Structure formats: structure tokens, C-alpha cells
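Just so we're clear, the structure is a prediction, and the values are computed from it rather than from any experiment. Lettering follows sequence order; numbering is per chain, from 1.
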4 protein chains.
Amino acid sequence: MVITLQLDSSTPLYEQLRNQIVIGIATGELKPEEKLPTVRQLADDLGINTMTVNKAYALLKQEGYIVIDRRHGAKVRIPTLPASSDPSPQIEEQLQLIIAQATIQGVDQSRFQAICSQIFAKMVYRLP
Amino acid sequence: MVITLQLDSSTPLYEQLRNQIVIGIATGELKPEEKLPTVRQLADDLGINTMTVNKAYALLKQEGYIVIDRRHGAKVRIPTLPASSDPSPQIEEQLQLIIAQATIQGVDQSRFQAICSQIFAKMVYRLP
Amino acid sequence: MVITLQLDSSTPLYEQLRNQIVIGIATGELKPEEKLPTVRQLADDLGINTMTVNKAYALLKQEGYIVIDRRHGAKVRIPTLPASSDPSPQIEEQLQLIIAQATIQGVDQSRFQAICSQIFAKMVYRLP
Amino acid sequence: MVITLQLDSSTPLYEQLRNQIVIGIATGELKPEEKLPTVRQLADDLGINTMTVNKAYALLKQEGYIVIDRRHGAKVRIPTLPASSDPSPQIEEQLQLIIAQATIQGVDQSRFQAICSQIFAKMVYRLP
DNA sequence: GTGGTCTAGACCACC
DNA sequence: GTGGTCTAGACCACA
């Protein structure tokens, strides 16, 4: 899986890292139970500090995306949630902001939905 | 229009302010040509510094959401662009992350689309 | 002569006004000895305060572009300077900044000179 | 690189700072990838507030002149755009005003072009 | 150690 | 009256 960081972005490196791993999990590039690189290795590959990778992993663990096993390192968590639940209010809030911006930019609902469909098509994450 | 800031949030105050005003414009709570509160007034109401409001206004101006007229203060910009159908790549990226998270949280596409519809229903912003 | 003001510009109205009149003089839209509109009339036409027009006229007078006669109002000044003098250091400084920006934007010297020629072609101001 | 601010100028300090840095980049005094002083350092050297320097840096970043890397501070951006031959309309407008003023001051085209050449001779910025 | 954010309070230009 | 600028000093997140 390819990870690219923008060093000059306003979003912190650890957050960019976290975001890309989350997307990787959702798109199936990282499968459940799959082992993530070690902190040191990933930091080396990306040319960043181990602390930064550490922070990203800790965040992902705290959010429940991965599990960290002292013996085997970090692994993608096996899905446990049932389907069709509601999104967290946090996500709904972010979605509202995005839709507001899109609306003002002149994107109508049907176009927006089409784009969502395209993105969903790439998500192959399967629930239990 | 009611604006509420979370002082303990990681998103800066001026950005929260900017976001809420953008949503206000999209939902029609703030209509085109409508005058925004003065920086002093808003700063007072929210109990924050004028420079913070100033920064939010400057950002909104730079992004083209509002217009600052030396004579009458800040106003919501009248829409000029025709429906441009495609969202900015930046928005698409954010949307991908949101959908990834929703997917892992167990929200399926139809549920997601339903939520989008609900949000779109509140957007009454009309293009020229 | 058509004057258009941007109410939301960062350059003050009186300065925009002054700039457009200076350009009008240089392009010959306003000829030497030609009478400018009265302060009140111009203010009315543009929908701005008379003080603003007043300030622009005062500035133009101070800079030597116009003369203000109490009986006949404001007139374009008859040129007195000999040709081939050097530009004011102020102008040279501004020019340096513009060329710096153009260079970084990827405009090379020949292209720049061509644009200058185009602009000069429109200047029909004749010296004594 | 020497930076001198005029405290009594009508152009804001942060803009003077921005202008001088832009010129520095174009003249090669600041080379691509070169690190700019830290905001604190520069503020100290110039005897102004850190926020003022901050604002200048933010502006330069927004305009694409510099890049701010969380790890190493601000750096001159490596040129990426190929020679685009045409200047922005904004620059063309400024140029028109300058030429208008020069014309009225009695500077003819050949003299003006000569001055441009002199200035261009100092610009050593090279595109990719 | 870096930039980013925020405050309280001040002054100024513009209209 | 408005927004814009600047200061001095503080705290925080990031790396």
C-alpha cells in the first residue's frame, strides 16, 4: 500500500497517516488481520520520526481501527459492528459541512450522489 | 443565526466560526446580500477576541463566501458562478475519508445516501 | 469616460478613482484642459460619498495631474515636463516588484516587453 | 538578505515584508529550498511582532512562494510551473497604471524598456 | 524549537 | 461607524 505525505499540509503528519490507513482498510488494501509495518520501518520508509508513526498507530488503536499485539505488532481489527447502523454524529457534522460547501460550489444533489456511488464502489470492506 | 463555539475543540475558533457561517449560507439562514454582524459585535456576542472574528471573515472573504464592503461591513456574496457540476478535488478527498469511516462503522450505501438526502433537504441556497 | 469601482476591493475607493483618472489622462480619454465632472456629480453617478471623490481630486491635484479652479472646477493639467526624464524612484520600486512577480510566474523578458508595448500603444498622451 | 521596513509607510508591515521576500526570491538572494528565518528570529531582527511576520509568511505560503514544513520551518518553494508565458491579469492591471504614470511623468517607451531590462538583468530565478 | 492560535487593548484609514 | 493593522505576551500542537 502506497502512502504519500504532504509535508507542507496543514493537517498534521500523524493525522494524514491515520487517514490514509483508514482509507486503506475501507478499500480493502489492508485486510482484516493484516499486519501493518512496524513503527520503525514505516517511519524509515516515509522518512519521518518514529514518534509520528507511533502517534498515528495509537490513534488508530484508540479509535478501534487496529489492534496492537505486543508479539505480532499492529494488525487491522476484525470487523465486529453489525451493518446498517447510524454514523457517528461527528461524521454527520463533517458531512453537513461538505455538502454545504458543495452546494455553494454549484454541485447539485444528483451529481453529489453519483460521486458518492463512485467512492462506495471502491469500498470492499465487508462486515461480519 | 445561532453560533456556538467549542472552546475545547482541536479545530481553531476562527475555523469553527468559518464553518458555521458557510453552513448558514448554504442552509439559507444567511441570505445573499445579508449583512453579517460586525467583527466587534460578533466577538462580543461570542465572548472572543475581535482578531479571531477578523481572521474568520478574512478567510471567508478569501474563499469567496462573503464580500467586505468598506462602507457597510461584511455581506454574503451574491452567487455568480453557474452550476459547475463538479466539486473541487479537495472536497472529493474529504468525502472519500468520510465514506471510508462510515463504511467501517457499518453504514451501508443506502443509509448513507438517505442521510445525504436529509442534509440536502435543508440546503436552500440557489444559484443564479 | 467609464469609471467602475470595486466596492469590495482592498484598495480604497478614492485611490481606485484616482488610478482610473490617471489612466484616463494617459490614454487620452481625458485630454489636457478637459473639465472633470463636479465632485457632487461624480459622487452621485458612482453612488459614493462626496468626501471620497473630494479626496481623490485633492490627491490628483497634489500629485499635479489636475488643477482645481474655483470658477471652472477641476481640469486636466497641461503637460509641462520635458520628455525622456527618469521615472520617480517610487515607480521604479513598484516596477521591480511587478517584474519579480512576473518572473516567478514564468513570464520571460521578451513576453513582458511585448505586453508593455501593447499598453504603451494605448497611451496617446503627448508632452509639450 | 537585508530587509528594511518603513514604519511610516502606508503599506502594512507584513506586506512590505512579503514584497521584499518576493523580490529576494526573484533576484536569487533567496534560492529554492533555502530556509527562511524563523518567525521569532525575523521578528526579533526587525524589531516587530511575531504575528506580523507570521502574517507575511502565511500570505507568502498562500500565494505559493514558500512552503511551510512543520519540521523545518519555512522554505522557498521549488519552482514547479513551466514557463506560462502570460502574466496574471492582476499584474497586467498594475503594469498599466505604472505605465500611465510613467508616461505622464515624461518617460518614453524606450527609456521605460531600458529600465525594465536593467531590472530583469538582476532576476536570476530559473524555472524547472 | 517550529509555526499556529488566542487575548486584550490600542491606533489608524476609510467612508 | 466599519474593518485592518500592530503589539506584547501567552499557550499549545507538532515533530
Side-chain angles (χ1 to χ4, degrees), chain A residues 5 7-17 43 46-56, chain B residues 5 7-17 35-44 46-58 61 66-75, chain C residues 5 7-17 43 46-56, chain D residues 5 7-17 35-44 46-58 61 66-75:
Chain A
L5 300 178
L7 298 177
D8 62 331
S9 167
S10 65
T11 48
L13 294 182
Y14 81 92
E15 204 173 324
Q16 292 184 48
L17 196 46
L46 298 172
I48 60 178
N49 200 305
T50 57
M51 294 291 291
T52 308
V53 179
N54 218 335
K55 197 162 180 179
Chain B
L5 300 179
L7 298 176
D8 61 337
S9 165
S10 68
T11 50
L13 294 182
Y14 78 91
E15 206 172 323
Q16 292 184 45
L17 194 45
K35 197 177 169 304
L36 297 181
T38 68
V39 286
R40 280 185 252 271
Q41 178 78 48
L42 191 48
D44 242 39
L46 298 173
I48 61 176
N49 195 282
T50 57
M51 288 215 47
T52 308
V53 178
N54 198 340
K55 199 164 179 179
Y57 276 21
K61 176 189 169 191
I66 66 172
V67 153
I68 294 178
D69 180 333
R70 270 219 182 67
R71 301 177 302 173
H72 310 103
K75 283 186 193 172
Chain C
L5 300 179
L7 298 178
D8 61 331
S9 166
S10 66
T11 49
L13 294 184
Y14 81 92
E15 205 172 323
Q16 291 184 48
L17 196 47
L46 298 173
I48 60 178
N49 198 304
T50 56
M51 296 290 292
T52 309
V53 179
N54 218 335
K55 197 162 180 179
Chain D
L5 300 179
L7 297 177
D8 60 339
S9 166
S10 67
T11 50
L13 295 180
Y14 78 91
E15 205 172 323
Q16 292 183 46
L17 194 46
K35 197 176 168 305
L36 297 180
T38 69
V39 286
R40 281 185 252 270
Q41 178 78 48
L42 190 48
D44 242 40
L46 297 173
I48 60 177
N49 193 282
T50 57
M51 289 215 48
T52 308
V53 178
N54 199 340
K55 198 163 180 180
Y57 277 21
K61 176 189 169 189
I66 65 172
V67 155
I68 294 178
D69 180 334
R70 270 220 182 66
R71 302 177 302 175
H72 310 103
K75 282 186 193 171

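Both distances falling under 3.5 Å, in either a Watson-Crick or a G-U wobble arrangement, place dG1(F) opposite dC14(E). Nucleotide dG9(E) forms a pair with dC6(F), judged by Watson-Crick or G-U wobble geometry with both contacts under 3.5 Å.
Residues R71(D) and L13(A) share a closest heavy-atom pair of CD-CD1, 4.3 Å. Taking both residues in full, the closest heavy atoms of K35(D) and H72(D) are given as CE-O, 3.0 Å, listed atom of the first, atom of the second, then distance.
In terms of the side chain to side chain donor-acceptor pair (under 3.5 Å) criterion, T50(C) has no residue partners (sequence neighbours excluded). Legend: residues meeting side chain to side chain donor-acceptor pair (under 3.5 Å) with S9(C), ordered by chain and number and at least two apart, are T11(C).
Between the CG atom of D69(B) and the P atom of dT2(F) there is a distance of 13 Å, rounded to whole Å. Between the P atom of dG3(F) and the CD atom of Q41(B) lies a distance of 10 Å, rounded to the nearest Å. Separating the CG atom of L42(D) from the C1' atom of dT2(E) is a distance of 14 Å, rounded to the nearest angstrom. Distance NE2 (H72(D)) to P (dG3(E)): 12 Å, rounded to an integer number of Å.
Atom NZ in K55(D) sits 12.5 Å away from atom CG in L17(D) (nearest 0.5 Å). Rounding to the nearest 0.5 angstrom, the gap separating the CG atom in N49(C) from the CG atom in N54(C) is 9.5 Å.
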Problem set entry | Per-nucleotide protein contact string for nucleotides 5-15 of chain F (B base, S sugar-phosphate only, - none; heavy atom under 4.0 Å) | BBBBB----SS
